[in-house]
Number of protein chains: 2
Amino acid sequence: MTPYPISLNDVRAASIALQGVVVRTPMLENADVNKKLGGRLLLKAENMQRTGAFKIRGAYHRLLGLSEQEKSRGAVSYSSGNHALGLARACQMMRTSAVIVMPSDAPVAKQAAVHAMGAEIVTYDRDTQNSADVVQQIILESGRVEVPPSAHPQILAGAGTAALELLQDAGGALDAVVIPCGGGGLTAATAVVMAEASPDTKVYAAEPELFDDTRRSLIEGQRVPNPKGRRTICDSIMTPIPGEMTFDINRRLLAGGVTATDDEARQAMRFAFEYFKTVIEPGAAVGLAAVLNGQIPIKEKTVGIMITGGNIDAVRFSDLVNTTA
Amino acid sequence: MTPYPISLNDVRAASIALQGVVVRTPMLENADVNKKLGGRLLLKAENMQRTGAFKIRGAYHRLLGLSEQEKSRGAVSYSSGNHALGLARACQMMRTSAVIVMPSDAPVAKQAAVHAMGAEIVTYDRDTQNSADVVQQIILESGRVEVPPSAHPQILAGAGTAALELLQDAGGALDAVVIPCGGGGLTAATAVVMAEASPDTKVYAAEPELFDDTRRSLIEGQRVPNPKGRRTICDSIMTPIPGEMTFDINRRLLAGGVTATDDEARQAMRFAFEYFKTVIEPGAAVGLAAVLNGQIPIKEKTVGIMITGGNIDAVRFSDLVNTTA
């Protein structure tokens, strides 16, 4: 029993349930980078996960809990892209249907990939409509089961398996873990895993400078939104406000929030390209960026970074990586 | 005792000697890619090795065999880039000096990186000069020890550690291994490892279509050169003729040679970007390209591919990946 919606045991059980379904992604480390930074930098490469992001862990785990009747009605969710991809693939694997509500400005490559996996896409306007309202309308009309990006214990437990693997591969000695944070699901799941399995590990949420709702919410002790109308290159974590279930965990367990500017995110993408030969999408780069910009101390420490996704098309990747200072 | 310059035991010993020096690079696998190809595709990600290529394995292992007197005189070698980087870093770590003979058209990024690691660069013209002659002149003048890209048992044993790791991570069940092949060192070392540890595994050399000297040499039973004056985007394996020591192994152990056009190499780079989120340089992509172009059968088989390097600057990477069909 823990005071949270999930416990370490739930995550362990999810790990077993997901074996053979999700990739046990590698932990990347580079001695030259460590020397340069004066500490150990460990990247959990969930960009190399199926569908290019950690999201399939939670989505598939949630679908495992559906009845045959629920599966026959199918799933519905909203997502700017990565959860959509993970859910669409999970539904395809479980032979159930999916409707995904996506912002109209979601990257074309992500929309095309979701469509290619057989999911139906419904778009909405990020500034004038509320995605949750659109989803609720679809549920009322179709009886579909909502598989939200994070607000469900089975989804949190699935996401937490990435944190468990990182802790195992790091040999347990993590001073800090930094998680790019949108709604806060992976962050909350990681926080629960660390609180039980490695209580000295500090857990930080990393956000784009202009979408630092979790950081400010942690300071104020309650959920505060981001102003509307803002933009960032970090599309995958451009969330309006922390999730209720996830913030209730994060509020109690996080060491704090850190931020990165769009240019710092670009520089982190380029750093990952040059030193780790790995492709990171902008929203997945803010954790690494917060180490490189000095907000997360790494000297003589071991810092784990969740690399949450790598879904970016080649032209946009080139534009972002080649225009940084 | 084996009839080759190295045995599996030499490679095992090198593995132990290199522990903590080289990265145990991940083996990448993607269930969606496997489904698409109808077989298991395993990528040994030596692009994530220190200095971005497998070369440091052999170079460092060779330096371990030098006397104090030899170390005081320093090392010399020729290389189009990756061996230069590996040797320069290895010399820096062992506190000895390095002179590297590089073709004048070697990628600027590689030359700059070699220079940054403290090595001295001497350039030569690929079409009118012979790199070996330039190296011999330097040896005569300075007494430096040659650390060639592949033609030394300790270098082969070091390179072979990558093949050993791949075999371990694959759980032993490899139907084939494909190695991008320049001088043929990694290919020969892999062939020896497989011949002893997994004799049913077929080993193939993969080359650029216009630099298929090993493929043609295997057919003719003797070393034949590439015509002068040709170019390919695969700079790292643009070698004039198979190495003598390496071809003597490859001639006896390889299943054959396969090729990829420059455009197929580009497509393989893009495939790796999209599905594996990993950065491959052109010369390291020909193995994957030979699977994608159908020369290496993969249906219902397990095929390991050596991803030999990822040293390419962001602008050139973008140009190559975005201009493919």
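Keep in mind the model is a prediction, meaning the values are calculated, not measured. Naming: A, B, ... by sequence-line order, numbering from 1 per chain. Heavy-atom basis, side chains included; hydrogens, waters and symmetry copies ignored.
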Query raised in the report: Tell me, side chain or backbone of B:Val23 under 4.5 Å from chain A's heavy atoms, or both, or neither?
Result: side chain
Report summary line: Cut-off 4.5 Å, heavy atoms of chain B, and the answer for A:Ile280 is neither
Query raised in the report: To the nearest 0.5 Å, what is the distance between CZ (A:Phe273) and CZ (B:Phe273)?
Result: 9.0 Å
Report summary line: If you tally heavy-atom pairs under 4.5 Å between each of B:Pro26, B:Ala314, B:Gly310 and chain A, the highest tally belongs to B:Ala314
List, with distances to 0.1 Å, the donor-acceptor pairs found between chain A and chain B - the cut-off being under 3.5 Å and no angle criterion applied.
{"residue": "A:Asp32", "atom": "OD1", "partner": "B:Arg50", "partner atom": "NE", "Å": "3.3"}
{"residue": "A:Asp32", "atom": "OD1", "partner": "B:Arg50", "partner atom": "NH2", "Å": "2.7"}
{"residue": "A:Asp32", "atom": "OD1", "partner": "B:Arg89", "partner atom": "NE", "Å": "2.9"}
{"residue": "A:Asp32", "atom": "OD1", "partner": "B:Arg89", "partner atom": "NH2", "Å": "3.4"}
{"residue": "A:Asp32", "atom": "OD2", "partner": "B:Arg89", "partner atom": "NE", "Å": "3.4"}
{"residue": "A:Arg50", "atom": "NE", "partner": "B:Asp32", "partner atom": "OD1", "Å": "3.3"}
{"residue": "A:Arg50", "atom": "NH2", "partner": "B:Asp32", "partner atom": "OD1", "Å": "2.8"}
{"residue": "A:Arg89", "atom": "NE", "partner": "B:Asp32", "partner atom": "OD1", "Å": "2.9"}
{"residue": "A:Arg89", "atom": "NE", "partner": "B:Asp32", "partner atom": "OD2", "Å": "3.4"}
{"residue": "A:Arg89", "atom": "NH2", "partner": "B:Asp32", "partner atom": "OD1", "Å": "3.4"}
{"residue": "A:Lys277", "atom": "O", "partner": "B:Thr278", "partner atom": "OG1", "Å": "3.1"}
{"residue": "A:Lys277", "atom": "O", "partner": "B:Val279", "partner atom": "N", "Å": "2.9"}
{"residue": "A:Lys277", "atom": "NZ", "partner": "B:Gly310", "partner atom": "O", "Å": "3.1"}
{"residue": "A:Lys277", "atom": "NZ", "partner": "B:Asn311", "partner atom": "OD1", "Å": "3.1"}
{"residue": "A:Thr278", "atom": "OG1", "partner": "B:Lys277", "partner atom": "O", "Å": "3.1"}
{"residue": "A:Val279", "atom": "N", "partner": "B:Lys277", "partner atom": "O", "Å": "2.9"}
{"residue": "A:Gly310", "atom": "O", "partner": "B:Lys277", "partner atom": "NZ", "Å": "3.1"}
{"residue": "A:Asn311", "atom": "OD1", "partner": "B:Lys277", "partner atom": "NZ", "Å": "3.1"}
{"residue": "A:Val315", "atom": "N", "partner": "B:Asn322", "partner atom": "OD1", "Å": "3.4"}
{"residue": "A:Ser318", "atom": "OG", "partner": "B:Ser318", "partner atom": "OG", "Å": "2.8"}
{"residue": "A:Ser318", "atom": "OG", "partner": "B:Asn322", "partner atom": "ND2", "Å": "3.0"}
{"residue": "A:Asn322", "atom": "OD1", "partner": "B:Val315", "partner atom": "N", "Å": "3.4"}
{"residue": "A:Asn322", "atom": "ND2", "partner": "B:Ser318", "partner atom": "OG", "Å": "3.0"}

